[in-house]
Amino acid sequence: MNTTKSYSSTKSRTFDLIQTSMLIALVFIATLLINIKLPLSPNGGLVHLGTGMLFIISIIFGPKKGAIAGAVGMGLFDLVSGWTLWAPFTIVARGLQGYIVGKIAWSNGRQGNSFTFNLLATISSIPVMLGVYYICERVLFGSWIIPVASIPGNLIQNIVGVCVAIPVCIALKKVPFLNRSFKR
């Protein structure tokens, strides 16, 4: 009997590891392939589909996978695309953002099935992301004023993410295969 439990548990952990790795890859690819550098501030800023993917994963799969996929996926993007200095801050900002979205969307057994809570979740995560990057820029640039220039670009990035994620999640929630197979 213990062998069956152990095998089942190992199989479940393996599935979870593979699934989480694939979600990380989705965030990384969505961030890498379609991104536009914003001319709003001298210290950068990108609009990319990684934010939308982070929101989708957090809503569909919950806070743990959302946090891991967002943190690692976008952290890897920073490491391979010339934003290396930002990677530690991205890991914190996007990990927190994914966790917040998933926690709210999955609160009280909703499992991301409430349009209102999904929208509330994504919107609630934005100030946290803004705050972490603001503090990051304060550390990097030694000024409380310079980081203000990045706020509009970060807001645009998050608004695009919400506008992409909410309709995609509505459509994905209608797919029976997703509602049965991937929830573990």
Side-chain angles (χ1 to χ4, degrees), residues 17 20-107 118-166 168-169:
L17 179 63
T20 303
S21 300
M22 292 176 70
L23 296 174
I24 290 167
L26 283 172
V27 171
F28 174 73
I29 296 299
T31 307
L32 181 70
L33 291 184
I34 302 174
N35 65 64
I36 302 164
K37 188 167 195 269
L38 295 173
L40 297 176
S41 68
N43 42 335
L46 291 173
V47 170
H48 52 73
L49 292 183
T51 303
M53 188 60 71
L54 164 71
F55 291 156
I56 292 165
I57 290 167
S58 298
I59 291 168
I60 301 293
F61 296 97
K64 181 181 172 188
K65 288 194 170 122
I68 293 169
V72 178
M74 287 193 218
L76 283 173
F77 167 79
D78 283 353
L79 289 173
V80 302
S81 61
W83 300 87
T84 307
L85 191 58
W86 296 85
F89 301 103
T90 295
I91 290 167
V92 172
R94 297 317 188 131
L96 285 172
Q97 195 171 26
Y99 183 80
I100 290 166
V101 172
K103 197 69 171 169
I104 294 171
W106 279 56
S107 64
N118 294 347
L119 185 60
L120 176 68
T122 57
I123 292 170
S124 297
S125 74
I126 295 171
V128 174
M129 181 263 201
L130 292 174
V132 172
Y133 278 121
Y134 183 85
I135 291 167
C136 162
E137 290 187 45
R138 164 62 178 100
V139 169
L140 293 178
F141 301 121
S143 167
W144 291 105
I145 305 300
I146 293 172
V148 173
S150 295
I151 292 173
N154 286 333
L155 280 173
I156 290 169
Q157 180 184 110
N158 279 279
I159 290 167
V160 168
V162 171
C163 291
V164 167
I166 296 298
V168 168
C169 286

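How far CD1 of Ile59 is from SG of Cys169: 4.0 Å, rounded to the nearest 0.5 Å. The OG atom of Ser58 sits 9.5 Å away from atom CG of Leu23, with the distance rounded to the nearest 0.5 Å. One finds the CD1 atom of Ile36 at 11.0 Å from the NE2 atom of His48 (value rounded to the nearest 0.5 Å). One distance of note links CD1 of Ile146 with CD of Glu137; it measures 8.5 Å at 0.5 Å rounding. To the nearest 0.5 Å, the span separating OH on Tyr134 from CZ on Phe89 amounts to 14.5 Å. Separation of atoms CG (Leu155) and CG (Leu130) is listed at 5.0 Å; rounding is to 0.5 Å.
Annotation: side chain of Leu49 is not in contact with side chain of Ile29 (no heavy-atom distance under 4.5 Å).
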(request) List the steps, then state whether side chain to side chain contact (heavy atoms under 4.5 Å, CB included) holds for Trp86 with Leu140. (result) CA-CA 9 Å; Trp86 296 85; Leu140 293 178; 4.1 Å; yes
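Take Ala165 and apply the side chain to side chain contact (heavy atoms under 4.5 Å, CB included) test, not counting sequence neighbours, and it matches Phe55, Ile56. Residues meeting the side chain to side chain contact (heavy atoms under 4.5 Å, CB included) test with Leu120, sequence neighbours left out: Ile104, Phe117, Ser124. By the side chain to side chain contact (heavy atoms under 4.5 Å, CB included) test, Ala25 is found to be paired with no residue, residues two or more places apart in sequence or in another chain being considered. Applying the side-chain hydrogen bond (donor to acceptor under 3.5 Å, both in side chains) criterion to Ser21, with sequence neighbours excluded, gives no partner residue.
In plain terms, the two heavy atoms of Ala30 and Met53 that are nearest each other are CB-CB, 4.0 Å. In this structure, Thr31 and Val27 approach most closely via the heavy-atom pair OG1-O, 2.7 Å.
In this structure, Asn35 contributes its side chain and Leu32 its backbone to a donor-acceptor pair below 3.5 Å. Judged purely by atom type and a 3.5 angstrom limit, Tyr133 has no side-chain atom pairing as donor or acceptor with the backbone of Ile151.
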Atom pairs and distances, donor-acceptor, side-chain atoms in residues 93-102, under 3.5 Å, two or more places apart:
residue, atom, partner, partner atom, Å
Arg94, NH1, Thr51, OG1, 3.2
Arg94, NH1, Gln97, OE1, 2.9
Arg94, NH2, Thr51, OG1, 3.3
Arg94, NH2, Gln157, OE1, 2.1
Gln97, NE2, Ser125, OG, 3.3
Gln97, NE2, Asn158, OD1, 2.7

In a table with atom names and distances, give each donor-acceptor pair under 3.5 Å that connects a side chain of residues 68-82 to protein atoms at least two apart or in another chain.
residue, atom, partner, partner atom, Å
Asp78, OD2, Thr90, OG1, 2.4
Ser81, OG, Phe77, O, 2.5

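The number of heavy-atom neighbours closer than 6.0 Å to CG of Leu33, taken from other residues, nucleotides and ligands shown, is above 12.
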